[in-house]
Amino acid sequence: MHRLVLLVVLAAPSAQAQWQIQTSNTTADLRGIHSVGNGVAWASGTNGTVLRTEDGGYVWQTCAIPPGAEKLDFRGIQAFDSNTAIVMSSGKGDLSRLYKTTDGCHTWKLIFTNPDKDGFFDALYFDRGKWGWLLGDPVHGMFALFATDDSAKTWIRQINDGLKADPRTQGAFAASNTTLIGQYVAAKFVSGGIGGANFYVSWMVHNTCLDCSAEESEEYKAGKKNSWTHERVPIGNDTESSGVFSVAQKQYLPGNNEDNWIIAAVGGDYAKPDDSTATAAYSKDGGKTWTAAQTPPHGYRSSVAYDPTLKLWITVGPNGTDVSTDDGRNWRAIHPSAALHEPPDADRNWNALSLPFVAGPKGRIGKLVEAALGK
């Protein structure tokens with residue numbers, strides 16, 4: 001689905017502190033951001049723009065534009081280290097592409113082009129650099145979902161009745177590259193549209209059914225039962241411009257720790273950015289059931305992430321930033337701090353998160369001031 005952005009705020013108990021605005025040296029609208037760690041992060045946006053930092057954002061370097069990508073809109077990027085990254089463009093048909101660099105973005109190679117003339121790439125996700133998922137809007141009555149287990153050398157289209165969707169009523173949002181998450185060969189994604197907001201999940205990992213009886217597992221393997229299921233999420237108002245725009249899982253750790261099953265989702269209606277109704281929900285059982293936030297974010301939100309250091313969730317959108325310390329049940333606004341010399345709009349005009357970084361329109365990049373937020 002094609003998605004955009006807008007703006008304002010709602011009064012509520014607020015926290016002080018914010019984002020430290022960084023110099024990106026671009027005016028491109030940024031929707032892709034991926035922090036690798038150790039000061040390395042990548043960002044992407046309109047007009048074939050890709051940026052990279054190796055020093056925690058002190059300097060953002062402008063990368064070479066991939067061949068033939070001067071007019072492409074790079075809405076997602078997944079990086080593996082300071083030299084290797086895959087960037088995803090969104091657009092109708094062959095305007096949706098994947099390019100890869102292995103030399104610090106000096107050169108790029110086109111590695112995959114949307115095979116569907118009516119298709120539209122929405123999100124790209126990798127786990128440990130080997131397993132990857134690529135999500136696109138429904139074509140031929142089914143979500144376009146591709147998987148790789150060889151670091152993007154080959155992509156296999158997923159065919160399953162559980163992925164069936166009417167393209168007239170369902171789609172994903174290419175708003176922040178966070179409608180898709182996963183772990184190893186398992187994947188989860190969210191949608192919206194006039195058919196309502198939904199959370200899709202595959203319960204198969206390495207051909208083994210998660211949380212299933214032995215009998216159910218055999219039914220999945222034999223194709224007698226759909227390995228993909230979906231559940232309604234109480235976000236949005238069942239319009240073309242509303243639904244879930246971002247989803248995040250609290251942690252991925254070995255064992256059956258209850259935190260492994262906590263998922264937060266945000267969204268709303270991007271055409272009504274100041275409407276705070278139905279903008280967030282949470283699940284405590286891995287997405288099987290969803291509960292609307294008791295106190296939602298104060299407007300449409302396009303990206304959400306969990307900060308394990310501060311033990312809180314952060315969500316951003318065009319009209320502000322909100323945080324939750326109770327796993328998505330209640331959200332509160334955070335506003336710029338005069339004491340920290342933050343600009344008055346430091347909380348707003350954001351599209352995408354990959355902590356500690358945030359990206360937005362007109363080249364906006366910020367970095368979380370964790371020490372201040374933790375007060």
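Reckoned from all heavy atoms, side chains included, excluding hydrogens, waters and symmetry mates.
Residue Asn38 places its CG atom among 12 or fewer non-hydrogen atoms of other residues, nucleotides or ligands, all under 6.0 Å distant.
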Handout entry: Derivation of the ring pair (Phe, Tyr, Trp, His ring centres under 6.0 Å) call for Phe189 and Trp228
Key = CA-CA 11 Å; Phe189 67 89; Trp228 282 88; 5.6 Å; yes

Exercise for the section: Please assess Trp331 against Tyr282 for the test ring pair (Phe, Tyr, Trp, His ring centres under 6.0 Å), listing each intermediate value before the final yes or no. Expected result: CA-CA 12 Å; Trp331 295 87; Tyr282 64 92; 9.8 Å; no

Practice task
Check the pair Phe112, Tyr99 against ring pair (Phe, Tyr, Trp, His ring centres under 6.0 Å), reporting the backbone distance first and the verdict last.
Solution key: CA-CA 7 Å; Phe112 191 60; Tyr99 292 88; over 10 Å; no

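A side-chain donor from one of Thr178 and Ser246 sits under 3.5 Å from a side-chain acceptor of the other. For the 3.5 Å distance criterion, the side chains of Gln61 and Arg52 qualify, holding a donor opposite an acceptor. With no hydrogens or angles considered, a side-chain donor-acceptor pair links Trp313 and Asp327 at under 3.5 Å.
At distances below 3.5 Å, not a single donor-acceptor pair connects side-chain atoms of Arg157 with backbone N or O atoms of Phe146. Between the side chain of Asn198 and the backbone N or O of Gly196, at least one donor-acceptor pair lies under 3.5 Å. Between the side chain of Thr53 and the backbone N or O of Val59, at least one donor-acceptor pair lies under 3.5 Å. Between the side chain of Asn47 and the backbone N or O of Thr49, no donor-acceptor pair lies under 3.5 Å. Of the possible polar contacts, none joining the Thr179 side chain to the Phe245 backbone as a donor-acceptor pair under 3.5 Å is found. Using a distance-only test at 3.5 Å, with no hydrogens or angles considered, no donor-acceptor pair links the side chain of Arg364 to the main chain of Pro361. Looking only at distances, no side-chain donor or acceptor of Arg348 sits under 3.5 Å from a matching main-chain atom of Thr321. Panel note: side chain Ser176, backbone Ser302; a donor-acceptor pair is recorded below 3.5 Å. Side chain of Asp116 to main chain of Asp118: no donor-acceptor pair is present (N/O by atom type, distance under 3.5 Å, no hydrogens or angles). Here the side chain of Asp122 pairs a donor or acceptor atom with the backbone of Asp137 at under 3.5 angstrom.
Contact record, Tyr306 with Lys250: OH-CE, 3.3 Å, taken as the closest heavy-atom pair.
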